[in-house]
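Just so we're clear, the structure is a prediction, and the values are computed from it rather than from any experiment.
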Amino acid sequence: MAAEQPQPPAEHGAGADHGFGQVSRLKGVVFEALSFGASLTGIAALAVLLIYVAIDAFDLANASPEWLLTYFATLVLPLIGFCLYSANDADLTRRIVLALGGGLVGTAVVFQAFEALVRPIPRLTWQLAYLFVVVTPVTAYVVFAGSREPVGRVGFGLVGRFLIGTALGLALILLFIAVDQRLWFLVYTAGFLPAAVLFAYGQVTETRPLTILAAPVALVGSGAAIVADGTITVYPTTWLIYSWTFVVPVAAGIAGLEYRRTSEANRALLVGALTFALPVGGSFVAGTVGLSQANAVLVLLMIVVPVGAYIRQALESEGQLGLVLPVLLAAGVLLGAFIVETVGIPAPDPWLDVSYVTSPASRDPSRAGLYPAIVGSVFLLALVAVFSFVFGVGTAVFLEEYAPNEGVLGTITRIIQINIANLAAVPSVVYGMLGLGLFAQLLGLGFGTVITGAATLSLLILPVTIISAQEAIRSVPSTVRQGSYAMGATRWQTTKNVVLPESLSGILTGTILSLGRAIGETAPLIMIGAPTITFSPPQGIWGSAAAMPMQIFAWSSFPQEEFRYGVVAAGVVTLLIVLIGMNATAIIMRNRSERA
């Protein structure tokens, strides 16, 4: 029998490959061009929408060219110069100068030609077009390039600590809207403080019984405080409660850590005294300008600790010059304001300002605020995060690590998987009807309350949370599990110590991104009877709460033009800032988890 001769490879051409068809470079080029055009069209449409929203929210249509030029010279150019100095790249500097200079001429020519040949563009000037089309992308790029070098990394790291501290302080303020400050004072004084003293003393003296006794003391003290809350009639002021329960223990803890690090008592006392004095003294200064001293002490405390720790770390490493960045930005803002006031340059009157996010709703557009809706959204989101993370991740772990794959139980598991995938595509209004029937009527949690809204929104995002967590757990290589089992670990130990840490970044990313959908949903909240407008924030999880999307939707139907073009745009920008903050948090947590 003759051996079969190998066949030569088929030549390219008609009928050469029955799997991929005829090779054609033209089709590939056309497909690439169509994909690029579709992407560019979508991005351009979204950019135009965001530009118009920003123009309305900050009243930039009424910004004079002199006002734009002033802040470009005092704030934007120094920031770009700082980033270029940090990058220390001559080619990058030339490209940035060319982009800013060439973009200025090109934008003016193209904009003027379009208006002359086609039609005028309402509420947009060539200066604003230059700001959004050239200056903003160029600044973002140069900030990215500069922040990767030591000087820029230190500078933007310090600004980031400042912003994070401010956010933590505001979160504490929102927390104490629902939690009674006096009850917290009693629980801290009678429960947490004695337990902390016992635990610390047990650690220092290596007395194990005292360490173990800390938890029972905390429970007994907290219970006694709750019972005594109704009988005590005299309490310290809110400022004193915050100082006693937050500033004093934080200052003492930092002093203890400093003494443990350096073994220098005087240095530790100085660090602790500064940690105490800065927020307390700053709160008195805030009181002189009309701000709440109690709220100021919380915000300042959250700023002082991370900023102080970061400055000390930065001074011991390279890039110390980056510490001037916050001063540079603050000086640019103040210098710009000084020039505007001195010269008399007309300035825009932005709708999105401090009073907008601290005022209640109003039918007068000049007094309308989003504060109750912001607090309501924060309350809803906090509960949704807890519910969706606990139930979503728990279900995903069970389905991936414990559920059987064979037999009758395996069939049931597959049916559950298919239904979870189908539930992810169910319209949100259906979940609203489910929440109305299940939580509001059957369980009696109330119509439009925080707990009913949070449970309904949790059901809405639960399938997405489960699926994303399953994908993250499934991505852990099986060889890692087998290695853990080979070392004698049980399934629980393998799941807790190997699988969950490896998949944590994916779980957190999926959970936080699904929360972004929850905060933007309106239909489920309408179905459960949530109010469209509230004039006060919710007083706990059983109180009624409106959310930012519902408030914006209600404002859009108001007849005044100021609502449709100013107040609504400011609300949209606020909502976008919250969403971008959440996405940034997801990215930071994922990156930290991956590095760990």
Side-chain angles (χ1 to χ4, degrees), residues 380-435 437-439 442-443 445 451-518 521 524 582 586 589-590 592-594 596:
L380 286 172
L381 205 62
L383 287 180
V384 170
V386 174
F387 292 159
S388 60
F389 188 83
V390 172
F391 295 112
V393 177
T395 304
V397 169
F398 174 78
L399 291 176
E400 289 298 321
E401 299 296 327
Y402 291 94
N405 297 320
E406 299 177 350
V408 177
L409 294 179
T411 304
I412 295 174
T413 301
R414 287 192 289 275
I415 293 174
I416 293 175
Q417 297 267 25
I418 293 172
N419 280 282
I420 289 175
N422 290 332
L423 286 173
V426 172
S428 58
V429 68
V430 177
Y431 285 101
M433 295 175 64
L434 177 62
L438 178 61
F439 300 117
L442 182 62
L443 298 181
L445 299 180
I451 186 68
T452 303
T456 305
L457 293 176
S458 299
L459 282 180
L460 172 67
I461 66 170
L462 198 57
V464 179
T465 307
I466 294 173
I467 293 172
S468 60
Q470 280 187 280
E471 292 296 332
I473 294 172
R474 203 173 294 158
S475 65
V476 178
S478 60
T479 53
V480 177
R481 294 181 177 85
Q482 298 303 324
S484 177
Y485 293 141
M487 297 180 67
T490 63
R491 177 171 293 185
W492 158 242
Q493 290 171 329
T494 302
T495 302
K496 180 173 71 72
N497 298 324
V498 177
V499 176
L500 287 180
E502 289 290 329
S503 58
L504 185 61
S505 61
I507 292 174
L508 290 177
T509 303
T511 302
I512 295 178
L513 292 181
S514 63
L515 291 177
R517 182 190 175 188
E521 285 290 345
M582 291 178 56
M589 295 176 69
R590 183 192 63 192
R592 287 183 177 275
S593 176
E594 288 177 349

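The OG1 atom of Thr413 sits 11.0 Å away from the CD atom of Glu406 when rounded to the nearest 0.5 Å. Considering CG of Leu445 and CD1 of Ile451, their distance stands at 6.5 Å, rounded to 0.5 Å. Atom CG of Leu515 is separated from atom CG of Leu457 by 10.0 Å, given to the nearest 0.5 angstrom. To the nearest 0.5 Å, the span separating CD1 on Ile512 from OG on Ser388 amounts to 10.0 Å. To the nearest 0.5 Å, atoms CZ (Phe387) and OG1 (Thr465) are separated by 13.5 Å. To the nearest 0.5 Å, atoms OG1 (Thr495) and CZ (Phe398) are separated by 12.0 Å.
Arg481 places a side-chain N or O within 3.5 Å of a backbone atom of Val476 that can act as its donor or acceptor partner. In terms of modelled atom types and a separation under 3.5 Å, the side chain of Arg414 and the main chain of Asn405 share a donor-acceptor contact.
Residues Leu460 and Arg517 have side chains in contact (heavy-atom distance under 4.5 Å, counting atoms from C-beta outward). Proximity of Phe389 to Leu508: side-chain heavy atoms (C-beta onward) are separated by under 4.5 Å at one or more points. Considering only heavy atoms from C-beta on, Val397 comes within 4.5 Å of Tyr402 through its side chain. Using a 4.5 Å heavy-atom threshold, the side chains of Ile420 and Leu399 count as touching. The shortest side-chain heavy-atom distance between Leu500 and Ile507 falls under the 4.5 Å cut-off. In this structure the side chain of Val480 never reaches within 4.5 angstrom of the side chain of Thr494, judged on heavy atoms.
The minimum heavy-atom distance linking Ser503 with Ala472 is given by the pair CB-O, 3.3 Å. Ser468 and Gly510 make their closest contact through OG-CA, 3.7 Å (heavy atoms, listed as atom of the first residue, atom of the second, distance). Gly488 approaches Gln493 most closely through the heavy-atom pair O-OE1, 4.4 Å. Closest heavy-atom contact between Thr452 and Thr456: O-OG1, 2.8 Å. Across all their heavy atoms, Lys496 and Pro501 have their closest contact at O-CD, 3.3 Å. Nearest approach of Ala454 to Leu380, heavy atoms of both residues: N-CD2, 3.6 Å.
Applying the salt bridge (Lys or Arg N to Asp or Glu O under 4.0 Å) definition to pairs two or more places apart or across chains, those involving residues 463-476 are Glu400-Arg474, Glu471-Arg474.
Asn422 CG: more than 12 foreign heavy atoms inside a 6.0 Å radius.
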